[in-house]
Amino acid sequence: MAKITYIEWGGTEHVVDVPNGLTVMEGARDNGIPGIEADCGGACACSTCHVYVDPAWVDKLPEKDPMEEDMLDFAYEPDPQRSRLTCQLKVTDALEGLVVQMPEKQI
Amino acid sequence: MAEHIVVIGGGQAGAALVARLRGQGHDGPVTLVGEEPVPPYQRPPLSKKYLLGEMALERLFLRPESYYAEHDIRLLTGTRAEAVDTAAGTVALAGGGRLDYDQLALTTGSVPRRLPEAIGGALPGVHVVRSLADVDAMAPDFVAGARVLVVGGGYIGLEAAAVAAQKGLDVTLVEAAPRILARVAAPETSAWFADLHRRHGVDVREGTGLSHLTGEDRVTGAVLEDGTEISADFVITGIGIAPAAALAEAAGLAIDNGIAVDAQGRTLVPGVWAAGDCASFPFRGGRVRLESVQNAIDQSEYVADNMLGAGRAYDPVPWFWSDQYDVKLQIAGLNQGYERVVVREGAGGAVSHWYYAGETLLAVDAMNDPRAYMIGKRLLEAGRSPAPATIESPRTDLKALLKG
Ligand SMILES: Cc1cc2nc3c(=O)[nH]c(=O)nc-3n(C[C@H](O)[C@H](O)[C@H](O)COP(=O)(O)OP(=O)(O)OC[C@H]3O[C@@H](n4cnc5c(N)ncnc54)[C@H](O)[C@@H]3O)c2cc1C
């Protein structure tokens with residue numbers, strides 16, 4: 001379980017507990033948090049679950065695989081360091097305190 | 001505005017529609033009627049990770065069950081809508097209930113075609129792949145060493161074949177058309193996937209029709225049109241779907257390859273709408289019906305907005321994906337009417353097939369090539385067509401095409 005803070009583009013914060021084994025995307029979906037669409041349901045097929053992770057977390061997360069890297073390159077206003085696809089981030093205890101911020105829109 | 005909006009069909013489209021209504025501020029009553037016993041779920045994993053056993057049931061749900069009550073959406077699971085009376089504005093439910101609506105959306109999806117009973121289609125051990133119940137029913141048959149016959153080389157059949165091969169089953173796939181994926185892809189893409197499956201040990205037989213299935217109490221195999229006999233412990237059919245339009249047809253709505261709607265998602269009856277697999281809509285001067293997650297979500301969101309008065313026309317750049325073994329196929333656009341295909345090799349075995357009509361780009365099939373897919377999608381969204389020779393040239397930096 002990890003406590004994760006999701007910050008909407010407009011600044012609204014949602015702090016929720018997400019069980020291990022789910023993805024950061026599923027944590028948002030299951031708590032009805034807007035701003036992460038995840039149209040493909042987590043198959044790394046669409047890039048609409050894009051977030052910016054808090055700078056303090058960039059190096060603590062598992063590395064992006066090439067598929068995620070390539071998809072992110074074409075997400076809405078990606079940041080080379082901070083952008084991640086939340087469907088590729090598995091929740092473990094190590095993510096306790098993770099902070100992610102949603103982009104202005106998902107494309 | 002306290003209109004009661006009723007949505008029939010609790011799948012990908014219905015779930016997106018009711019969520020959008022609430023998201024857009026509709027505060028009148030909303031009822032979602034679904035025949036299946038579970039809350040709305042995503043189907044793609046059914047022939048992929050869920051069938052492989054790598055994804056738990058709860059992760060299939062599009063929203064947690066509590067979502068609906070929390071958003072004051074009345075979710076009726078296990079409830080079949082029997083009839084719609086558009087003059088009275090009512091829906092009759094199986095078991096005798098009745099709903100009065102102010103506006104109605106039909107998101108009834110599609111039904112899998114089955115092999116005729118006369119050739120063994122109703123024998124135990126013959127499966128279709130549409131619902132959770134279908135997949136749970138075939139899961140016990142997926143044991144290493146078992147022999148499975150897959151009838152139909154479309155995406156569903158191919159994905160099921162891939163899972164079976166990965167689980168150590170002995171897989172034969174027959175396709176009556178001269179090549180797999182004939183209805184949806186170019187020969188280049190068909191050949192690429194036939195080769196992929198053969199390398200994983202699947203016996204792919206193209207141009208091979210089925211004569212009949214064999215077996216008395218349970219399927220034991222098949223006889224092919226060329227007389228070949230095949231033994232099988234079970235059979236998976238992936239021979240296409242038909243739009244679930246019977247309810248709409250009985251209600252007097254216009255049917256044309258599914259429930260016919262206009263660009264806004266309206267049927268000819270005011271206040272009655274349709275979206276998703278069950279609906280055909282105007283597209284490039286004709287009419288099309290798409291069977292995809294993209295269309296289920298996007299078309300329903302347009303319908304939700306339009307039910308609330310937005311008046312927006314749905315004109316998508318469709319997209320789709322399929323996972324087979326370690327290959328992710330991503331498709332942008334719709335290749336209908338293509339005249340030629342340009343093949344572009346990417347890095348590390350990635351390859352993409354670009355469909356053109358004249359000089360106009362229509363679609364891209366990208367195999368393990370997300371860059372080609374995303375660039376193709378962005379080009380299509382911008383209505384731009386790079387010259388085919390530009391795409392073909394290994395010297396072209398694809399990403400640079402998006403600039404300027
Ligand atoms: C195994 C499988 C794999 C797939 N993989 C992909 C993929 O990788 N990528 C992709 O883009 N698409 C994929 N698809 C297609 C995608 O899942 C569908 O296009 C999508 O589910 C369509 O959504 P829908 O809401 O229109 O229909 P559905 O999701 O089928 O929902 C319709 C619902 O309406 C209910 N219903 C029908 N009639 C009534 C009635 N009279 N009363 C009450 N309820 C009713 C049905 O029971 C059903 O639950 C796949 C489909 C399947 C089956």
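In the text below, chain A, chain B and the rest are named by the order of the sequence lines, each starting its count at 1. Quantities reported herein were computed from a predicted structural model and do not represent experimental measurements.
B:L62 touches chain A through its backbone: at least one of N, CA, C or O sits under 4.5 Å from a heavy atom, while the side chain does not.
For chain A, the option among B:A16, B:P370, B:G23 with the highest count of heavy-atom pairs below 4.5 Å is B:P370. With respect to chain B, the highest number of heavy-atom pairs below 4.5 Å among A:G42, A:P34, A:A38, A:C44 belongs to A:C44. Between chain B and the residues A:P66, A:G32, A:G41, A:C40, the most heavy-atom pairs under 4.5 angstrom are made by A:C40.
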Give me a line-by-line list of donor-acceptor atom pairs from chain A to chain B that are under 3.5 Å apart, or tell me none exist.
| residue | atom | partner | partner atom | Å |
| --- | --- | --- | --- | --- |
| A:E26 | OE1 | B:R59 | NE | 3.1 |
| A:E26 | OE1 | B:R59 | NH2 | 3.0 |
| A:E26 | OE2 | B:R59 | NE | 2.9 |
| A:E26 | OE2 | B:R59 | NH2 | 3.4 |
| A:A43 | O | B:K328 | NZ | 2.6 |
| A:A45 | O | B:Q330 | NE2 | 3.3 |
| A:D70 | OD1 | B:R371 | NH1 | 3.1 |
| A:D73 | OD1 | B:K399 | NZ | 3.3 |
| A:D73 | OD2 | B:R371 | NH1 | 3.0 |
| A:D73 | OD2 | B:R371 | NH2 | 3.1 |
| A:F74 | O | B:R378 | NE | 3.4 |
| A:F74 | O | B:R378 | NH2 | 2.6 |

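Shown here is A:E63, whose CD atom has no more than 12 heavy atoms of other residues, nucleotides or ligands within 6.0 Å.
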